[in-house]
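Here's the structure we're looking at; comments come further down.
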Amino acid sequence: MRTVYLNGEFVPRASARVSVDDRGFLFADGVYEVTPAYGGRFFRFERHMARMRRGLAELRIDYDPAPLADVHERLLAANALADEPISVVYVQVTRGAAPRGHAFPATPPRPTVYAFAKPFKREESEAWEQGYHAATVPDRRWARCDIKAIALLPNCLAMQAAVEAGCTDALFVKDGVAIEGAHNNFFAVIHGTVVTHPATQHILHGITREYVLELCHDLGLPVELRPIRLEELWQADEAFFTGTTSDVRPTVGVDGRTIGDGKPGPITRRLMEAFVKGVEREVAAAPLV
């Protein structure tokens, strides 16, 4: 992360400066994306940018993310990550700097665009084989979780609660329904069927989630898009989280209760194997951004 991108320039991270009047700082008024690269080639870059465009439109921030393709490539090169097995690029766009006021500024400011790249290490196989644990937390987020907004305080509090409980993941629960993780989507295998919450405004429409659903179709696995009630979860065969920095992560316990036989299940294994092979195949065929 020695070189970052800020408002049209590639600068040393230590010298990057954002105005104290920036609405991202004052109001969390912005969106972000995290896109993975494998050996210097990005996985489903256009889908990440399409989600960012949608979020920008929903928040009425006038910014075209088209230049970000070049930014992503140059950040990998500037930080010697082009040959890294896995890396990620984080990009954030806020409405910009303006005198503090809840309504949008009468004259729209120039959006603030910040991005950085860093290496990412996949979970060790030994840890994956043991599986991971999650803690449930009440879902107190705003009603538009489908927008990848930078207002993540409820997510941070949820993850802190999970860490203090000795868990890897936080699972948001609302009205008795297991919805999604604090930074990833959630699946359960119930009577052999892969179940996950439908893509409504109550969850983030994850790129990895979407890909895993495609893999389920390819593997002939039955799928149901519906809410998962907690009483079902306690009887589930398997459970797992998906996300850019989670891949397909097996959950063997929730709130101290064992899921299935307490080990990563066969469907989770098939999906992780298919995920790794599929990503490798797709990025090998993809052009540089």
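Every heavy atom of this structure was used, including side-chain atoms; hydrogens, water molecules and symmetry mates were not.
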Presence of salt bridge, Arg44 and Glu214, under 4.0 angstrom: yes
Main-chain N/O of Ala66 paired with Asp64 side-chain donor or acceptor, under 3.5 Å: yes
Phe42 ring center within less than 6.0 Å of His48 ring center: no
Residues Glu58, Arg51: salt bridge by 4.0 Å N-O rule: no
Evaluation steps, side chain to side chain donor-acceptor pair (under 3.5 Å), between Glu180 and Asn185: CA-CA 5 Å; Glu180 66 176 339; Asn185 294 117; 3.0 Å; yes
Whether Arg13 side chain and Phe116 backbone form a donor-acceptor pair below 3.5 Å: no
Aromatic centroids of Tyr90 and Tyr32 separated by under 6.0 Å: yes
Test: Arg144 and Asp146 ion pair at under 4.0 Å: yes
Side-chain donor or acceptor of Asp255 paired with backbone N/O of Thr136 under 3.5 Å: yes
Arg95 (side chain) donor-acceptor with Arg60 (main chain) under 3.5 angstrom: yes
Trp234 side-chain N/O to Val254 backbone N/O, donor-acceptor pair under 3.5 Å: no
is_close_aromatic(Tyr211, Phe43), centroid dist under 6.0 Å: yes
Under 3.5 Å: donor-acceptor pair, side chain of Asp139, backbone of Arg141: yes
Sidechain-backbone polar pair: His72 side chain, Phe45 backbone, donor-acceptor under 3.5 Å: no
Glu238 side chain vs Thr268 backbone, donor-acceptor pair below 3.5 Å: yes
